[in-house]
Amino acid sequence: MPELPEVEVVRRGLRQWVIGREIDSTEVLHPRAIRRHLPGALELAARLRGRTLVSAERRGKYLWLPLSGDEDALMAHLGMSGQLLVVERDAPLEKHLRVRIRFRDGGPDLRFVDQRTFGHIMVSPLVAGVPEPITHIAPDPFEEAFDDARFAAGLRGKRTEIKRALLDQSLISGVGNIYADEALWLARLHWARPTNTLTRPKITELLAAVRQVMGAALLQGGTSFDSLYVNVNGESGYFDRSLEVYGRQDQPCSRCGTPIRREPFMNRSSYFCPRCQRRPR
DNA sequence: CGGGGCTCCTGGTAGC
DNA sequence: TGCTACCAGGAGCCCC
């Protein structure tokens, strides 16, 4: 479950259900799920055995669980369809179960379930508290470390469209296709607006919109159109009811009544109000 | 080098 | 009903 609010919902569930627990066994049922853990499945299991999960952290769409000993962490990215579920150890195996982690306390498993296998998990060293593979991504806009001025300068230095920039995790992390469209609508910006034409005040407005939209989504448990996007207990959020443009092709804009338009964008879609969000010339 | 496009997967749904 | 085409909350990698 992809974007920042959904990943944060998962992080909170992990904090509640797996922190302080000692790992017993790790079973990898599909090699693609650990493709970025180069030493392989056996090494992964050996690294985890006997380690205790000490906290649950997140940056953007990445999650990690630092391990006792303080120098490495179990990291996860959910991709398009990944789930981290906490389920009773004798529960039936999910159809798309990829990795199963069992604990010494005999309590519920931590299971990584992922239909499309774009997600992955791995163990990696921590560098200044962040897993080494994600040191290149920017902080997300809810972190203290996020620097608004740096983001603005980075945007204006790029020659690209604003939506592409919002999805570029090295400029700002955590924003995906849904919340990019929602924030652009709120800030009245067309997705194809060149970044180098944005004024400082407009960028400030856009950042406020990003925070507004993702913050509101988090309060409602995230967005889920179907059972693929659930918290660790398998429950859906309901921010989908609050979406203004995403998935609302031909429905009226709540501000002006103009039908929402859908256009192809990077092998997926952009939704916007053609009146509130004027196409740049 | 920065930017844009392709690709890795599985499954649901719309349309013929 | 059965097929095909298209669509899906991501991002790494390759090529220009």
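Each chain gets a letter, A, B and so on, in the order the sequences are listed, and its residues count up from 1. Excluded from the calculations below are hydrogen atoms, water molecules and symmetry mates; all remaining heavy atoms, backbone and side chain alike, are included.
C:dG9 atom P lies 16 Å from atom CE of A:M214, rounded to whole Å. Atom NE2 in A:H136 sits about 15 Å away from atom P in B:dC1, given to the nearest Å. Distance A:Q83 CD to B:dG11 P: 13 Å, rounded to the nearest Å. Between A:D226 atom CG and C:dG9 atom C1' there is a gap of 10 Å when expressed in whole angstrom units. When rounded to the nearest whole Å, the span between CZ of A:F225 and P of C:dA8 equals 10 Å. For the pair A:E161 CD and B:dG4 P, the computed distance is 6 Å after rounding to whole Å. Distance CZ (A:R116) to P (C:dG9): 8 Å, rounded to an integer number of Å. Atom CZ in A:R262 sits roughly 13 Å away from atom C1' in B:dA14 (whole-Å rounding).
Taking the 5.5 Å centre cut-off and the 30° plane limit, the aromatic side chain of A:F118 is classed as stacked on C:dG10.
Within the structure, every side-chain polar atom (N or O) of A:K61 is placed at least 4.0 Å from both OP1 and OP2 of C:dG9. Within the 4.0 Å cut-off from OP1 or OP2 of C:dA11, at least one side-chain nitrogen or oxygen of A:H77 is found. Here A:R164 reaches the OP1 or OP2 of B:dG5: one of its side-chain N or O atoms lies under 4.0 Å away. Remark: A:S269 is not in phosphate contact with C:dC7, judged by side-chain N or O atoms under 4.0 Å from OP1 or OP2. Between B:dG11 and A:K95, a contact under 4.0 Å exists linking OP1 or OP2 to a side-chain N or O. The shortest distance between the side-chain N/O atoms of A:R268 and the OP1/OP2 oxygens of C:dG9 is below 4.0 Å. Close to B:dG4, at under 4.0 Å from its OP1 or OP2, lies a side-chain N or O of A:T160.
A:S25 and A:E27 share no side-chain donor-acceptor pair at under 3.5 Å. Counting only N and O atoms by type, the side chains of A:E244 and A:S254 include a donor and acceptor under 3.5 Å apart.
We find the CG-CD distance between A:N231 and A:Q83 to be 10.0 Å, quoted to the nearest 0.5 Å.
Look at A:D148 and A:R211 and you find a salt bridge, because one of the NZ, NE, NH1 or NH2 atoms lies within 4.0 Å of a carboxylate O, short of that distance.
As the counterpart of B:dT7, C:dA11 is assigned, both hydrogen-bonding distances of the Watson-Crick or G-U wobble pattern falling under 3.5 Å.
Using a 4.0 Å heavy-atom criterion, one finds that A:F265 contacts no nucleic acid atom at all.
Taking atom P on both C:dC14 and B:dC9, the two are 15 Å apart, rounded to the nearest angstrom. Here, C:dG9 and B:dT13 have their P atoms 16 Å apart, quoted to the whole Å.
With hydrogens and angles ignored, the 3.5 Å screen pairs a side-chain donor or acceptor of A:T195 with a backbone N or O of A:K158.
Of the candidate nucleotides C:dA8, B:dG11, C:dG9, C:dG9 has the atom lying nearest to any side-chain atom of A:Y229. Taking the side chain of A:N267 as heavy atoms from C-beta on, and the options C:dG9, B:dT7, B:dC9, the nearest nucleotide is B:dT7.
Taking syn as a glycosidic angle within 90° of 0, B:dG4 does not qualify and is anti.
Both A:G157 and A:Q115 lie near DNA chain B, and the one whose nearest nucleotide falls closer to the 5' end is A:G157. Take the nearest nucleotide of DNA chain B for A:K158 and for A:M266: the residue whose nucleotide is more 5' is A:K158.
The shortest non-hydrogen separation linking A:L166 to A:I172 is O-CG2, 3.7 Å.
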